[in-house]
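Written below as structure tokens is the structure these notes are about.
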Amino acid sequence: MNQPAFPAMHYDLAENEHGLTMRDYFAAHATEEDICTAMDLVQKVEVVRDLGNGHKVIERSYPENTRQIARYIHADAMLKAREA
């Protein structure tokens, strides 16, 4: 149920390119509180960190795009709530 956020009768875009989806809209409008809540659900990943002395370590850390992932976790929850 990821429909266009602003449906129109005619699209000048190529097929399957309808611009902003509802998921994108909800993600873009997530509040700081929404993002912080959803960040708890972001999975940590293994990151290789260079120590600069020829050694590297592998750490479990949040990905660099954690906030963007959290926005879409929130958006997915909003879409699921709309279906209920």
Between A30 and R71 the two heavy atoms that sit nearest each other are O-NH1, 3.7 Å

Closest non-hydrogen atom pair, A38 against A70 | CB-O, 3.3 Å

Shortest non-hydrogen pair, A75 vs A27, comes out as CB-N, 3.6 Å

Mind running side chain to side chain contact (heavy atoms under 4.5 Å, CB included) on T21 and F26 for me, showing each step along the way?
-> CA-CA 9 Å; T21 65; F26 287 144; over 6 Å; no

Could you list the residues that satisfy side-chain hydrogen bond (donor to acceptor under 3.5 Å, both in side chains) with Y62, not counting sequence neighbours?
-> none

Sorted by chain and residue number, the salt bridge (Lys or Arg N to Asp or Glu O under 4.0 Å) partners of E32 (sequence neighbours excluded) come out as R67

The complete set of salt bridge (Lys or Arg N to Asp or Glu O under 4.0 Å) pairs with one or both residues in residues 33-42, sequence neighbours excluded, reads none

Any link between L79 and Y25 through a network of hydrophobic side chains (Ile, Leu, Val, Met, Phe, Trp, Tyr) touching at under 4.5 Å?
-> yes

Which residues satisfy the side chain to side chain contact (heavy atoms under 4.5 Å, CB included) test with N53, sequence neighbours excluded?
-> L51, H55

Using the rule that two of Ile, Leu, Val, Met, Phe, Trp, Tyr join whenever any of their side-chain heavy atoms come within less than 4.5 Å, decide whether M78 and L20 are in one cluster.
-> yes

Do the non-hydrogen side-chain atoms of T66 and I69 ever get within less than 4.5 Å of each other?
-> no

Report the residues that fulfil side-chain hydrogen bond (donor to acceptor under 3.5 Å, both in side chains) with D76, sequence neighbours left out, ordered by chain and then residue number.
-> R23

Determine all donor-acceptor pairs shorter than 3.5 Å in which one atom belongs to a side chain in residues 42-49; sequence neighbours excluded.
| from | atom 1 | to | atom 2 | distance (Å) |
| --- | --- | --- | --- | --- |
| R49 | NE | E59 | OE1 | 3.3 |
| R49 | NE | E59 | OE2 | 3.0 |
| R49 | NH2 | E59 | OE2 | 2.8 |

